[in-house]
Amino acid sequence: MNALNRDIKKLVNCIEKNEKERVNKDYWRLKFHLMPPVGWLNDPNGLCEFNGEYHIFYQYSPFDANGGIKFWGHYTSKDFINYKNNGAEVFADQPFDCHGAYSGSTIVHNGKMNIFYTGNVKHLGEYDYISSGRGHNTVLLVSEDGKTFTNKKLIMTNDDYPKNMTCHVRDPKVWMENNKFYMVQGARDKDDIGQVLLFESDDMINWNVINIIKSESKFGYMWECPDLFNVDGKNMLLISPQGIDAEDIKYNNIYQSGYYIIDGDYKTNNYKLRDFEELDRGFDFYAPQTFEDSKGRRILIGWMGLPDIEDLYSNPTTDYGWQHALTIPRELKIKNNKLIQNPVEEINMLRKDKKYIEINSNINEDAYDTFDMIVNLEKCDKLESTIKNCVNLSYDREKQLFTLSFTQGGYGRTNRSVSLDKLNNFRVLCDTSSLEIFINNGEEVFTTRFYPTKDNVGIRFSGENLKGSICIYEMEAYKIEN
């Protein structure tokens, strides 16, 4: 440990201790989602399973609830229910990452965690920080026990990326295939076209660009947080593109997150990207990352937030010194060439008290403060459901439209919709200030923050030609050891 690393860690611990009482006074602290102890959280990083534990790192700025220099915070869990908060673990403490330890991934190999991330450097001077003035360095950090993180190594700088790239090359995701290592990084070229660089290596130290993956026509100016993997026999490319214009009900957030199915050989030019599909239709979802666990599951965790939303909507938790959270872990599958997302089965272990309601008339019912609600529908021409007097979920079969809208508590959030020819079921995971809504067994998902008052616990249902059932489980909180 160098002296700067030591002193930053002391400072972070001091801030967390001093701000703990203020943060914990906030009613909107979440019960079964991972949050920053204080300050700001963004991208999930370094997701992996190592020595029988899940490791969940995240972008962490403890100094300011509105952002700032980024470190990596670190949670571990054996079951996605009981967690240990290991605090800040990866710091910006070297010349090649002095303005932030940005996003990256972990590959477990030879009994070690090999952590790759982008070291951010902003030079002083008259720069635009796009084509000049910024260093995006690829950094390797190895841990033998998942607890000690030392001996950083700089393995690539901007000079090692293709010459037609801007300074924006970042977010390495690494995996192994056929005894070789592969890495994708998000990029913005000098024509402001978003794309993904594909690297190959024999030793995880020396890397060569072997291909550039991009759409046939321009789709945004930057592709952040790429993730390339195979699930159910399909090669998937997840990206978070920036610079996409809204198209009616599509692409309504400031930045998007979604995926391409890749046909052909992505290691050569003999590939084709199918149409881009959004992963989540809600207000608060970005920068997802996946990993495969020892059970063979492909698991996704996303940032329950977005950057650069200040002029659009906000989160009142900043008044208490914190902002943002991670989504619950979601298992991915493919159905009819569509990526399906559902909560990992471990989440069901948080269920306790239960209410069962037949839908045969209008319903006005008290729910719980936090709950898991499953709605199964035999018939549904129209549906209106209001949660905690804040969020309205509606479906119109004739218009083939499912909509999430706010009546209050949205702090600038308005409405989001998706085309849906039939509504068979939906599941709502409601935490104190978040909703994750899984429609038709995970074919569509809406994630949003919302801010009801403490006394609002009701749910209401009404509709036309509506028949089915509602099952509502009260949810316990995660158990987190500090």
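One-based numbering along the sequence shown. Given the structure is predicted, the values throughout are model-derived calculations rather than measurements.
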Could you give the distance from [atom1] ([X]) to [atom2] ([Y]), rounded to the nearest 0.5 Å?
{"X": "R449", "Y": "S434", "atom1": "CZ", "atom2": "OG", "answer": "6.0 Å"}
{"X": "S361", "Y": "K467", "atom1": "OG", "atom2": "NZ", "answer": "13.0 Å"}
{"X": "C380", "Y": "E464", "atom1": "SG", "atom2": "CD", "answer": "9.5 Å"}
{"X": "D43", "Y": "W303", "atom1": "CG", "atom2": "CH2", "answer": "6.0 Å"}

[X]/[Y] ion pair, N-O < 4.0 Å:
{"X": "K388", "Y": "D369", "value": "yes"}
{"X": "R281", "Y": "E444", "value": "yes"}
{"X": "D227", "Y": "K173", "value": "yes"}
{"X": "D366", "Y": "K355", "value": "no"}

Would you tell me whether [X] and [Y] have side-chain atoms, one donor and one acceptor, within less than 3.5 Å of each other?
{"X": "T148", "Y": "S143", "value": "no"}
{"X": "N45", "Y": "Q59", "value": "yes"}
{"X": "D293", "Y": "Y54", "value": "yes"}
{"X": "D64", "Y": "S61", "value": "no"}
{"X": "N342", "Y": "R427", "value": "no"}
{"X": "D455", "Y": "T453", "value": "yes"}
{"X": "N392", "Y": "T386", "value": "yes"}
{"X": "E358", "Y": "Y356", "value": "yes"}

Which heavy atom in [X] sits nearest to a heavy atom in [Y], and how many Å separate them?
{"X": "H33", "Y": "A325", "result": "CB-CB, 4.5 Å"}
{"X": "L326", "Y": "L41", "result": "CD2-CD2, 3.7 Å"}
{"X": "R29", "Y": "P36", "result": "NH1-O, 3.1 Å"}
{"X": "P172", "Y": "S105", "result": "O-OG, 2.9 Å"}
{"X": "V196", "Y": "P226", "result": "CG2-CB, 3.7 Å"}

Measure the acute angle between the ring planes of [X] and [Y], then classify it against the limits of 30° and 60° as parallel, tilted or perpendicular.
{"X": "F57", "Y": "F149", "result": "perpendicular"}
{"X": "F80", "Y": "Y83", "result": "tilted"}
{"X": "Y260", "Y": "F219", "result": "perpendicular"}

Check: [Y] and [X] side chains under 4.5 Å, non-hydrogen atoms:
{"X": "Y286", "Y": "I254", "answer": "no"}
{"X": "F461", "Y": "I357", "answer": "no"}
{"X": "I299", "Y": "L47", "answer": "no"}

Under the criterion side-chain contact (heavy atoms from CB on, under 4.5 Å), I'd like the reasoning laid out for T76 against F50: C-alpha separation, chi angles, the key distance, then a yes or no. CA-CA 10 Å; T76 51; F50 178 68; over 6 Å; no
What residue among R351, K78, K295 forms salt bridge (charged side-chain N to carboxylate O under 4.0 Å, His left out) with E346? K295
Taking the six-membered ring of Y117 as reference, does the cationic atom of K70 (NZ for Lys, CZ for Arg) lie under 6.0 Å from its centre and within 45° of its axis?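 No cation-pi geometry.
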Applying side chain to side chain donor-acceptor pair (under 3.5 Å), run through Y266 and N211 and close with a yes or a no. CA-CA 8 Å; Y266 59 81; N211 205 12; over 6 Å; no
Under the criterion salt bridge (Lys or Arg N to Asp or Glu O under 4.0 Å), I'd like the reasoning laid out for R330 against E436: C-alpha separation, chi angles, the key distance, then a yes or no. CA-CA 11 Å; R330 304 172 181 179; E436 292 180 77; 2.8 Å; yes
What pairs meet the ring pair (Phe, Tyr, Trp, His ring centres under 6.0 Å) rule with one or both residues in residues 380-436, with sequence neighbours excluded? F283-F406, F402-F446, Y411-Y451
E49 side chain vs S294 backbone, donor-acceptor pair below 3.5 Å: yes
Paired with Y58, the ring-ring contact (aromatic ring centres under 6.0 Å, His included) test is passed by just one of W72, Y75, F71, namely Y75
